Amino acid sequence: MYEHAISKGGLMNLKNRDFLKLLDYTPDEIRYLLDLAHDFKKKKQNGVRHEYLKGKNIALLFEKTSTRTRCAFEVAAYDLGMNVTYLDPVSSQMGKKESIEDTARVLCRMYDGIEYRGFSQEIVEELANNSSVPVWNGLTTEFHPTQMLADLMTIEEHFKKLKGLNLVFMGDGHNNVANSLMVACSKMGLNFTCCSPKDLWPDKELVTKCREISLENGCSITLTDNVKLGTMNQDIVYTDVWVSMGEPANVWESRIKLLKKYQVNKKVIDNMKPNSIFLHCLPSFHDLKTSIGKEINEKFKIPEMEVTDEVFESSLSKVFDEAENRMHTIKAVIYATLKDQNE
Ligand code: CP
Ligand code: NVA
């Protein structure tokens with residue numbers, strides 16, 4: 001059904017691999033994870049139990065808050081028959097009384113896998129370097145790789161293919177989601193456009209790397225600060241919050257100034273292809289139903305930020321499919337990296 005589908009349970013072996021960033025994975029490996037995720041989704045929908053990892057234990061280390069990623073890891077693990085320990089941003093010794101290195105060396109004596117959400121990519125890499133069990137990146141300042149699998153899965157469900165589609169990211173072009181989308185698109189053959197002010201374009205080195213990868217996969221990377229050109233002829237428009245977790249509150253003012261004209265609204269949608277869709281990793285500031293949304297509106301008179309409520313609530317918005325797919329794709333990552341070879 002899906003482009004490039006490979007035989008299930010075929011030759012791919014990802015056992016014991018960390019999942020730290022998509023740059024570490026080949027297009028075939030990503031394809032395999034997506035196929036697994038589609039398969040797990042079908043099983044779940046049809047009530048087919050899949051407790052393939054019964055008795056295994058995983059630890060979820062969160063130094064930043066989360067709804068989707070935490071719940072996706074927990075439900076995925078329970079569906080696979082596993083046990084989960086959640087460590088919240090304040091209740092472990094990590095970083096304060098115990099180094100990352102020692103934390104990794106302790107946790108891997110007890111757990112079969114470790115998820116980390118937090119600050120720099122270096123931390124998750126250091127955890128992985130000192131752990132004998134797989135480490136999964138649940139978001140760092142630089143990358144958000146599990147989000148990418150859910151995004152690709154959602155795109156594929158809608159368009160029945162990935163290769164050749166045009167995706168534009170609008171907003172803070174140097175955040176974790178924009179960086180990761182650029183990598184994901186270049187690996188999987190989608191033409192990626194970053195439409196944001198020049199000051200917020202992704203890191204040059206990463207752009208160069210992604211351009212090289214995109215050449216191998218027959219697609220392109222474009223950076224533009226022109227909304228009309230950037231959104232023309234696109235299949236998918238994607239946006240994210242203008243200020244990410246861990247950034248100081250005083251950047252709101254300058255971000256709003258810079259990003260106001262990069263809001264995803266009806267005008268943007270009208271400039272895209274007719275069958276286009278809207279994606280957002282969530283959470284999103286599309287109305288005044290959040291405390292931060294209200295506070296920002298009081299200060300800067302902006303009731304909708306990165307996307308208008310009209311677009312968010314429209315039929316072309318696939319954000320809740322995307323959120324659900326976090327669980328199926330994370331399940332695929334856990335399973336692929338922990339299953340025994342002959343399972
Ligand atoms: N998209 C995403 O990672 O959501 P959470 O921050 O709720 O985990
Ligand atoms: N860029 C956002 C993504 C949230 C899922 C952040 O890091 O806060």
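Each ligand, and each atom within it, is numbered from 1 in the order the structure gives. On a predicted model such as this, the values are computed, not experimentally measured, just so you know.
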Enquirer: Among all the protein's non-hydrogen atoms, which is closest to atom 6 (O) of ligand 1, and how far away is it?
Expert: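 Of the protein heavy atoms, Arg117 NH1, 2.8 Å lies nearest.
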Enquirer: If we count only N and O atoms by modelled type, under 3.5 Å, do the side chains of Thr146 and Trp136 hold a donor and an acceptor together?
Expert: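 Thr146 vs Trp136: no donor-acceptor pair found between side chains.
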Enquirer: Check for me whether Thr69 has a heavy atom closer than 4.0 Å to any atom of ligand 2.
Expert: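 Judged by the 4.0 Å heavy-atom criterion, Thr69 does not count as contacting ligand 2.
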Enquirer: Of all the non-hydrogen atoms in the protein, which one sits nearest to atom 2 (C) of ligand 1, and at what distance?
Expert: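 Result for atom 2 (C) of ligand 1: Arg326 NH1, 3.2 Å.
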Enquirer: Which residue holds the protein heavy atom closest to atom 3 (C) of ligand 2, what is that atom called, and what is the gap in Å?
Expert: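 Result for atom 3 (C) of ligand 2: Asp240 OD2, 3.6 Å.
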Enquirer: Using a 4.0 Å heavy-atom threshold (strictly under), name the region of Asp172 that reaches ligand 2: side chain, backbone, both or neither.
Expert: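 Neither part.
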Enquirer: Which of the atoms in ligand 2, numbered in the order shown and given with their element, are less than 4.0 Å from a heavy-atom of Ser244?
Expert: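 Counting from 1, the qualifying ligand atoms are 1 (N), 2 (C), 6 (C), 7 (O), 8 (O).
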Enquirer: Are Trp252 and Met305 side-chain neighbours, meaning at least one heavy-atom pair lies under 4.5 Å?
Expert: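 Trp252 vs Met305: side chains touch.
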Enquirer: Looking at Leu282, which atoms of ligand 2 are within less than 4.0 Å of one of its heavy atoms?
Expert: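 So the atoms of ligand 2 that pass are 5 (C).
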Enquirer: Would you mind running through ligand 2 and noting each atom that sits below 4.0 Å from a heavy atom of Met245?
Expert: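 Taking each heavy atom of Met245 in turn, ligand 2 has 6 (C), 7 (O), 8 (O) under 4.0 Å.
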Enquirer: If you measure from each non-hydrogen atom of Leu139 to ligand 1, which part falls under 4.0 Å: side chain, backbone, both or neither?
Expert: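 Neither; nothing of Leu139 gets under 4.0 Å from ligand 1.
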Enquirer: Angle class for the Phe19/Tyr25 ring planes (parallel below 30°, perpendicular above 60°, tilted otherwise)?
Expert: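 Perpendicular.
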Enquirer: Taking heavy atoms and a distance under 4.0 Å, where does Asn176 meet ligand 2: side chain, backbone, both or neither?
Expert: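 The side chain, only.
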Enquirer: Among all protein heavy atoms in this structure, tell me which lies nearest to atom 4 (C) of ligand 2, with the distance rounded to 0.1 Å.
Expert: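 Checked against all protein heavy atoms, atom 4 (C) of ligand 2 sits closest to Leu139 CD1, 3.9 Å.
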